[in-house]
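Reviewing the structure listed below.
Atom set for the values below is all heavy atoms of this structure, side chains included, hydrogens, waters and symmetry mates excluded. Residues: numbered from 1 along the sequence shown. In each ligand, atom 1 is the first atom listed, and ligand 1 is the first ligand listed.
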Amino acid sequence: MDEETVTTELTAVVARAERNVVHDGGPFAAVVVLPDGRRFEGVNQVVPTSDPTAHAEVVAIRRACAATGSVALEGAVVYASCEPCPMCVAAALWARVDAVYYAADRHDAARAGFDDAAFHDYFTDPGRRELLPVVRQPVPAATRPFLAWQDKADRTPY
Ligand SMILES: [Zn+2]
């Protein structure tokens, strides 16, 4: 993606993030741009919808996927007003987008009280895992859902 396009897209999405504050959303916005030029905007809706996963990037990806009827957005680019948190990076990975560009970073967000640095650290520093125990407890039938999946002839791989 050429630098001028990225700058233009990010400038627009940053302005959208600023406007979202007026509507009680968090100061974050994102847009998914598909290879055919279609655009799907998302703004942070965590508080208005009581949904901790309603980050701008996730909202935009959900809209793009719903509109296209596809869970794979190959060739798409996500522009985000701020550095995506680990959940949003994972959402972009699952959506198979080509790239994510962002403007402000996690430190800018932290200065405004959005300190997801601990979440980033959780994945990069094993010493930080006490933040949330994720514990494996094997049970005898644990892999049966996968067997059912593999036996399902008309499954839709993703
Ligand atoms: Zn996020």
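For the atom pair CG of Asp36 and CZ of Arg38, the computed distance is 4.5 Å after rounding to the nearest 0.5 Å.
Judged by distance alone, with hydrogens and angles left aside, the side-chain atoms of Tyr79 form no donor-acceptor pair with the main-chain N or O of Val13 at under 3.5 Å. Looking only at distances, a side-chain donor or acceptor of Thr49 sits under 3.5 Å from a matching main-chain atom of Gln45. Remark: side-chain polar atoms of Arg128 are not paired, donor with acceptor, to backbone N or O of Ala118 under 3.5 angstrom.
For the Zn ion (ligand 1), the set of protein N/O/S atoms nearer than 2.8 Å consists of His55 ND1, Cys85 SG, Cys88 SG, ordered by chain and number.
Between Asp108 and Arg106, no side-chain nitrogen of the basic residue sits less than 4.0 Å from a carboxylate oxygen of the acidic one, so the salt-bridge criterion is not met.
Heavy atoms of other residues, nucleotides or ligands lying less than 6.0 angstrom from CZ of Arg155 number more than 12.
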